[in-house]
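Letters A, B, ... are given to chains in the order of the sequence lines, protein chains preceding strands, and every chain is numbered from 1.
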Amino acid sequence: MSTDFQPKSEFLRTLQERGYIHQCSDLAGVDEKAAAGELVAYIGFDCTAASLHIGSLVQIMMLRWLQKTGAGKPISLMGGGTTRVGDPSGRDESRQLLTVEQIEKNKDGIKQVFTKFLTFGDGKTDALMTDNAEWLTALKYLDFLRDVGRHFSVNRMLSMDSVRMRLERDQELSFIEFNYMCLQAYDFAELNRRLGVNLQMGGSDQWGNIVTGIDLGRRMGTPQLYALTSPLLTTASGAKMGKTASGAVWLNADMLPVYDYWQYWRNTEDADVGRFLRLFTELPMDEIRRLEALDGADINEAKKILANEATAMLHGREAAERAAETARKTFEEGVMATSLPTIEIPRAEFDAGVGVLSAFVKAGLVASTGEARRQIKGGGLRVNDVAASDERATLSASDLTGEGVVKLSLGKKKHVLLKPV
RNA sequence: GGGGGAAUGUCCCGAGCGGCAAAGGGGGCGGACUGUAAAUCCGCUGGCUAAGCCUUCGCAGGUUCGAGUCCUGCUUCCCCCA
């Protein structure tokens with residue numbers, strides 16, 4: 001926001017010109033700390049799934065810039081404790097409580113991604129990972145109420161967006177969810193005590209929770225704490241980012257193949273290219289301005305660069321180039337690339353004869369044989385680039401290409417190789 | 001405590017005289033057009049060993065040849081009165 005603020009720190013200047021900033025409790029205060037390299041900033045991540053998805057990428061990038069610009073120390077906080085409670089922010093309905101085992105498993109999956117974006121260690125700007133289960137699970141109810149709870153004003157809590165929304169719509173808000181913001185606020189104060197944290201960042205939906213933490217900190221006698229949130233990202237067409245029909249755009253490669261990740265960025269809408277280049281790559285601003293100015297079909301070049309850069313940051317340069325090459329062969333040369341996502345199937349099963357329908361189901365391109373039938377009617381399925389028309393057909397050795405695979409396609413963009421082993 | 005509503009296709013919203021695999025949207029997927037974009041138009045949007053069979057309308061029973069629809073009990077939510 002505050003477009004007229006001129007940051008002197010490289011950190012805030014970068015965040016501002018790249019569009020990461022939605023709201024900040026005190027730009028000048030954060031700027032000063034950043035310039036002195038004295039920020040200790042954290043972002044909390046819920047452990048509701050086994051991997052983070054693109055929706056969390058903006059936040060992760062903020063931590064990365066913090067480190068890269070030498071503004072301070074980035075801390076990624078696993079919500080091992082808070083996830084047991086469940087954040088009501090931005091949700092119409094209560095979410096189902098996850099089991100503790102599930103949360104632990106998710107945590108392991110989520111942790112992986114941070115090592116790709118941040119450098120961990122003990123140095124001043126080295127990143128740190130911690131887990132609020134460490135202190136939250138040990139809390140005693142009465143002690144917590146007396147030491148922390150007395151600082152919360154229910155009047156104020158009721159006016160928070162996340163709460164008010166539920167109340168106004170007469171939707172259930174359980175007591176446990178109501179407590180979420182108390183725990184998150186307590187995290188902020190506790191992290192200040194433990195690690196000297198002075199800044200919490202997050203998505204714009206976290207503003208209320210973060211500010212509540214600042215408030216609690218003041219009442220509990222911490223030094224001044226700061227809040228900085230990023231805008232909620234939607235595509236130019238208004239869709240929430242990170243969700244596709246086949247599920248979220250996961251960051252972990254075992255949940256979304258690198259090729260598919262690359263493709264996600266490659267298919268960015270024209271109108272989003274500039275914004276995404278700023279947020280999800282580290283290309284110099286001059287270069288970005290040049291790329292987003294490209295007209296018509298030329299902007300496809302910018303999309304490829306976006307895909308390359310974004311994929312390289314997460315999965316490594318080499319994997320990104322492989323994905324780019326696979327895409328080039330597939331789309332520009334119309335050749336079959338053996339590096340397309342591959343599903344293996346036991347040789348014996350293949351030799352026994354696999355129906356086209358179930359082959360597409362196995363490949364994960366369709367959810368059921370029924371859907372496969374419908375797609376065939378609509379002309380959406382292809383075997384080795386030839387439209388499938390007979391739903392009773394069976395794949396056999398004669399369908400194998402020189403590389404010993406069968407190429408299955410759904411639409412023009414989704415391809416999977418089926419490989420008997 | 002009393003009275004009145006509501007719950008529908010496992011993405012969401014929502015219609016539904018006893019003949020219903022269940023209208024219509026949104027979203028999503030596919031096709032056409034393009035540039036692997038957007039917009040637009042068209043099709044599809046319970047499962048299967050598929051001219052048949054099976055499972056779906058909060059839960060459990062009942063009436064009926066036949067129940068999303070009628071009856072009884074229960075659960076949850078909302079509104080009004082106290």
* In whole Å, what separates the P atom of B:rC59 from that of B:rU8? -> 10 Å
* Asked: Taking A:Asn384 for the side chain and A:Lys407 for the main chain, is one N or O donor matched with an acceptor at less than 3.5 Å?
  -> yes
* To do: Show your reasoning for whether salt bridge (Lys or Arg N to Asp or Glu O under 4.0 Å) applies to A:Arg290 and A:Glu287.
  => CA-CA 5 Å; A:Arg290 184 184 72 79; A:Glu287 175 73 355; 3.3 Å; yes
* To do: Using the P atoms only, state how far B:rU69 lies from B:rG2, rounded to an integer number of Å.
  => 26 Å
* To do: Kindly indicate, with the supporting measurements, whether the criterion side-chain contact (heavy atoms from CB on, under 4.5 Å) is fulfilled by A:Leu12 and A:Leu27.
  => CA-CA 8 Å; A:Leu12 274 194; A:Leu27 277 173; 4.0 Å; yes
* Asked: Just how far, in rounded Å, is P of B:rA51 from CZ of A:Arg373?
  -> 9 Å
* Structure fact -> The Watson-Crick or G-U wobble partner of B:rC44, with both key distances under 3.5 Å, is B:rG28
* What integer number of Å spans the C1' atoms of B:rC44 and B:rU49? -> 24 Å
* Asked: So does A:Thr268 get a side-chain nitrogen or oxygen closer than 4.0 Å to the phosphate oxygens (OP1/OP2) of B:rU36?
  -> no
* N/O (side chain, A:Thr330) to phosphate O (OP1/OP2, B:rU36) under 4.0 Å -> no
* Structure fact -> From the candidates B:rU36, B:rA50, B:rA37, the one with an atom nearest any side-chain atom of A:Thr369 is B:rA50
* Structure fact -> When rounded to whole Å, the CG to C1' distance for the pair A:Asp272 and B:rA38 reads 10 Å
* For A:Gly411, report the nucleic acid contact type (base, sugar-phosphate, nothing); a contact means any heavy atom under 4.0 Å. => sugar-phosphate
* Which residue lies more 5' along RNA chain B, comparing A:Phe331 with A:Glu391 via nearest heavy atoms -> A:Phe331
* Considering Watson-Crick and G-U wobble pairs with both distances under 3.5 Å, what does B:rA7 pair with? -> B:rU75
* To do: Take the protein atom CG of A:Asp298 and the nucleotide atom P of B:rU36, then report the distance between them rounded to whole Å.
  => 13 Å
* Check the angle between the aromatic planes of A:Trp250 and A:His53 and answer parallel, tilted or perpendicular using the 30° and 60° thresholds. => perpendicular
* To do: If B:rC33 has a Watson-Crick or G-U wobble mate with both distances under 3.5 Å, name it; if not, just say none.
  => none
* Taking for each residue the nucleotide of RNA chain B bearing the nearest heavy atom, is the 5' side occupied by A:Gly380 or by A:Leu357? -> A:Gly380
* For B:rC20, measure the glycosidic angle (O4'-C1'-N9-C4 for a purine, O4'-C1'-N1-C2 for a pyrimidine) and name it syn if it falls within 90° of 0, otherwise anti. => syn
* Asked: Considering only the P atoms, how many Å lie between B:rC33 and B:rA38, rounded to the nearest integer?
  -> 16 Å
* Asked: Roughly how far apart, to the nearest Å, are B:rA7 and B:rC17 at atom P?
  -> 12 Å
* In the structure shown, which nucleotide is the Watson-Crick or G-U wobble counterpart of B:rC70, with both distances under 3.5 Å? -> B:rG62
* **Under 3.5 Å side-chain donor-acceptor pair for A:Trp135 and A:Asp187** => yes
* Asked: Between A:Trp265 (CH2) and B:rA37 (C1'), how many Å, whole number?
  -> 15 Å
* Residue pair A:Gln206 / A:Gln184, side-chain donor-acceptor N/O under 3.5 Å -> yes
* Asked: Has the side chain of A:Glu371 got a donor or acceptor that lies under 3.5 Å from a partner of the other kind on the base of B:rU45?
  -> no
* Asked: Touch check for A:Leu410, heavy atoms < 4.0 angstrom, all strands: base, sugar-phosphate only, or nothing?
  -> sugar-phosphate
* To do: Kindly point out which of B:rA38, B:rG35, B:rG47 is positioned nearest to the side chain of A:Glu269?
  => B:rA38
* Base, sugar-phosphate, or nothing: which does A:Glu332 touch, judged by heavy atoms less than 4.0 Å apart? -> nothing
* Asked: What is the distance, rounded to the nearest whole Å, between atom CD of A:Gln375 and atom C1' of B:rC29?
  -> 6 Å
* To do: Calculate the interatomic distance between A:Leu381 atom CG and B:rC44 atom P; express it in whole Å.
  => 16 Å
* C1'-based separation of B:rG58 from B:rA50 [nearest Å] -> 31 Å
* To do: Could you please name the partner base of B:rG1, counting Watson-Crick and G-U wobble pairs only when both distances are under 3.5 Å?
  => B:rC81
* **Gap in Å between the two C1' atoms, one belonging to B:rG16 and one to B:rG68, rounded** => 8 Å
* Asked: Would you say B:rU36 has OP1 or OP2 under 4.0 Å from some side-chain N or O of A:Lys414?
  -> no
* Quantified in whole Å, what is the C1' atom distance between nucleotide B:rG30 and nucleotide B:rC79? -> 45 Å
* Indicate, with a heavy-atom threshold strictly under 4.0 Å, whether A:Arg266 touches base, sugar-phosphate, or nothing. => base
* Asked: Whom does B:rA50 pair with, Watson-Crick or G-U wobble, provided both distances fall under 3.5 Å?
  -> none
* Asked: A:Lys412 has a side chain; which of B:rA32, B:rA37, B:rU36 sits nearest to it?
  -> B:rA32
* Rounded to the nearest angstrom, tell me the gap between atom NZ in A:Lys377 and atom C1' in B:rA50. => 10 Å
* Asked: For B:rA37, does OP1 or OP2 lie under 4.0 Å from any side-chain N or O of A:Lys304?
  -> no
* To do: Of all the heavy-atom pairs spanning A:Asp31 and A:Ser9, show the shortest one and how long it is.
  => OD1-OG, 2.5 Å
* Structure fact -> Whole-Å distance, A:Leu365 CG to B:rG30 P, equals 10 Å
* Nearest listed nucleotide, side chain of A:Ala327, among B:rU36, B:rC44, B:rU49 -> B:rU36
* To do: With the side chain of A:Lys413 defined as its heavy atoms from C-beta on, choose the nearest nucleotide among B:rC48, B:rA32, B:rU36.
  => B:rU36
* Asked: Just by distance, with hydrogens left out, do A:Ser230 and A:Gln59 show a side-chain donor and acceptor under 3.5 Å apart?
  -> yes
